Every structure is written in C-alpha cells, then in structure tokens.
Amino acid sequence: MIKKKKSNKVYSQEVIDTQHVFTKDAQVYIKDKDSNINSRKEVWSPINFKWVLIGKVQDCLVLE
C-alpha cells in the first residue's frame with residue numbers, strides 16, 4: 001500500500017489590489033480607478049516615485 005504525502009501548500013485568501021501604471025521620460029503615471037467608467041477617456045496622473053537600486057533596498061532590509 002502506497003501512502004500519499006500530505007500537502008504543505010498554503011494559499012492566501014487575500015485579494016491583491018493592483019493598479020495600472022506606465023512610465024514616460026522617467027515619470028511614473030497611475031491610471032485613475034474611475035477612468036473609463038463614466039467616459040471613454042482614460043485619465044492618467046503623475047505620481048511621486050523614485051527608482052531605487054535593488055542593492056540599496058537590500059541594505060535597508062531588517063531580518064528578524
């Protein structure tokens with residue numbers, strides 16, 4: 001008789017909220033959530049965003 005291994009997979013039930021973004025000339029734009037609901041025009045707004053090298057992010061991480 002072959003025993004089946006018990007699965008240790010865990011699935012999250014939380015929904016990830018995402019938004020459409022694009023960049024142009026080093027400026028990041030985010031699509032307004034109400035865009036296209038009442039009109040056929042998409043509305044994009046610039047946001048404050050600064051690209052950071054992954055090495056700098058890793059240096060700031062605190063491992064517990």
Side-chain angles (χ1 to χ4, degrees):
M1 185 160 108
I2 299 174
K3 290 185 179 181
K4 291 185 179 180
K5 289 186 177 182
K6 195 173 190 178
S7 175
N8 291 335
K9 294 180 182 178
V10 177
Y11 297 97
S12 174
Q13 298 299 319
E14 295 181 33
V15 175
I16 299 172
D17 186 27
T18 62
Q19 290 184 284
H20 293 89
V21 298
F22 82 93
T23 61
K24 182 178 180 183
D25 300 326
Q27 174 66 60
V28 178
Y29 295 84
I30 192 165
K31 184 177 178 182
D32 293 349
K33 287 187 176 187
D34 295 333
S35 216
N36 283 342
I37 292 174
N38 296 324
S39 69
R40 295 184 181 263
K41 185 177 179 183
E42 292 181 343
V43 179
W44 293 86
S45 301
I47 61 170
N48 291 330
F49 182 87
K50 183 177 178 183
W51 294 102
V52 179
L53 296 174
I54 189 68
K56 287 186 178 183
V57 173
Q58 289 173 335
D59 291 343
C60 295
L61 292 177
V62 177
L63 301 176
E64 294 182 10

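Computed from a prediction, not measured in an experiment: that's the story for all the values here.
- A distance of 13.0 Å separates NE2 of His20 from CG of Asp32, quoted to the nearest 0.5 Å.
- Among residues two or more places apart in sequence or in another chain, the side-chain contact (heavy atoms from CB on, under 4.5 Å) test is passed with Val52 by Lys56, Val57.
- Of all the heavy atoms in Val28 and Phe49, the pair that sits closest is CG2-CD2, 3.5 Å.
- Lys24 is linked by a side-chain contact (heavy atoms from CB on, under 4.5 Å) to Phe22, Tyr29, counting only residues two or more places apart in sequence or in another chain.
- Judged as a side-chain contact (heavy atoms from CB on, under 4.5 Å), and not counting sequence neighbours, the contacts of Thr18 are Ile16.
- Here the closest heavy-atom approach between residue Gln19 and residue Lys31 is recorded as NE2-O, 4.1 Å.
- Not a single donor-acceptor pair under 3.5 Å links the side chain of Gln27 to the backbone N or O of Asn48.
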